[in-house]
Protein chains: 2
Amino acid sequence: MPSHKADIDHIDQIFRALGDPTRRAIVEKLSEGPISVSQLAQPLNITLAAVVQHLQVLEESGLVQTEKVGRVRTCRIDPAGLSLAEQWMADRRSVWERRFDRLGDLLVESDESE
Amino acid sequence: MPSHKADIDHIDQIFRALGDPTRRAIVEKLSEGPISVSQLAQPLNITLAAVVQHLQVLEESGLVQTEKVGRVRTCRIDPAGLSLAEQWMADRRSVWERRFDRLGDLLVESDESE
DNA sequence: AAAATACTTAAGTATTCGCTTGACAATCAA
DNA sequence: TTGATTGTCAAGCGAATACTTAAGTATTTT
C-alpha cells in the first residue's frame, strides 16, 4: 500500500523547500560536496542568519543533513530526499503516458466502454 | 553548452509552481487525463477563481497546457515540464554520487592529490 | 584572559501569496 | 429572448515568507 500520510507530508515539505530559488542554490552548491554554513553563505548575497533559516527548512524536509563538530556545522545533501521528489514526478508522468497507450487501444478496438 | 539563462528561469517557475500543494493536487488530477476547469475545481475546496489563478501559474511554468473550445477550457499535463524538473534533481544527485566514487578512488589509491 | 570565529536565536518588517468577493463576458439550452 | 453554465478579471485582505538587525553562546586562537 503506497503513499502513506507521512510520505505525503514529506513530499509536501520537500517541494516547498525546493520552491525557493535560494534554497535550490544551496542544494546545488551542496551537490558538489559537504561544506560549512559560512562557506555556503559566502556566494549568496544574504546574511548568515538567513542561510541558517534556509538550512532549517532544508533539514526538516530531509533534503539536507548537518552535523556540528566544534563550532562549525557541516552540511551535506541527503540524496534520498531528491529521489523521493523525482519519483513523485515520474509517477505523474507515467500515469499520463499510460493513458496514451490505453487511448491507442481504444482507437484500434473502437468499442467496449469503461 | 547546457543550462541557458532561459532554462534556469524555466526551472525556477516549475519548482515555484510545484511548491504549492493545491497546484500539485491539480497536476495529480490532470495526470489521470484532461478535464475542464470546473471539473478540476470540484474536489478542491476553493472557488473557481482561485483554481483559474493556479492554472495561470501552472501554464506559465509550462507544466500544463489549456485550450478553450466554446465556453469550456480543457486542461492537460505537459510532461516535458515535469521531466525538466526531474532532470534537475537527477543531475544534483549524480554529481553527489560521482563524488562518492572519487572518494572511493582516493581511499584505495591514497595518494596523488588534485 | 582577551579577541576572534562560527554560528544561534529572537524580534521586527516589507513583500509575496493564496484566497475570496463581486462584477462581467461569452456560450449554450429552453 | 431569457436563463443557466462556464469561465475571466480586478480589487482587497489576512497569513505566510524571506529577509534584516541585534544580541547572545560556544569554541578556537593568540
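The figures that follow rest on heavy atoms only: side chains count, while hydrogens, waters and symmetry mates do not. A, B, ... follow the sequence lines: proteins, then strands. Residue 1 opens every chain.
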Under the side chain to side chain contact (heavy atoms under 4.5 Å, CB included) rule, what do A:R23 and A:R16 come out as? Steps first, then yes or no, please. CA-CA 10 Å; A:R23 276 189 301 257; A:R16 191 197 161 284; 3.5 Å; yes

Quick one: ring-ring contact (aromatic ring centres under 6.0 Å, His included) pairs with a partner in residues 5-46 of chain A, sequence neighbours left out? A:F15-A:W88

So, with a heavy-atom separation below 4.0 Å from DNA chain C, the residues of residues 55-74 of chain B are B:G70, B:R71

What donor-acceptor contacts under 3.5 angstrom involve side-chain atoms of residues 72-83 of chain B, with partners at least two apart or in another chain?
unit_1, atom_1, unit_2, atom_2, d
B:R73, NH1, B:T66, OG1, 2.8
B:D78, OD1, B:A80, N, 3.1
B:D78, OD2, B:Q65, NE2, 3.3
B:S83, OG, B:A80, O, 3.1

May I ask you to say what A:L48 touches in the nucleic acid, namely base, sugar-phosphate or nothing, with a heavy-atom cut-off under 4.0 Å? base

Once you round to the nearest 0.5 Å, how far does CG of A:L58 lie from CD of A:Q53? 12.0 Å

Where does the chain B footprint on DNA chain C start and end, counting 5' to 3' with a 4.0 Å heavy-atom cut-off? C:dC17 to C:dC28

Minimum side-chain heavy-atom gap B:R24-A:D12 below 4.5 Å: yes

Need one value for A:S38: base, sugar-phosphate or nothing, where a base atom within 4.0 Å counts as base even if backbone is also close, heavy atoms only. sugar-phosphate

Under 3.5 Å, which donor-acceptor pairs do the side chains of residues 38-45 of chain A form with other protein atoms, sequence neighbours left out?
unit_1, atom_1, unit_2, atom_2, d
A:Q39, OE1, A:S36, N, 3.1
A:Q39, OE1, A:S36, OG, 3.3

Measuring from A:L30:CG to A:I35:CD1, what's the distance to the nearest 0.5 Å? 5.5 Å

So which pairs with a foot in residues 43-67 of chain A pass ring-ring contact (aromatic ring centres under 6.0 Å, His included), sequence neighbours left out? none

Earlier contact from the 5' end, DNA chain D, for B:Q53 and B:V37: B:V37

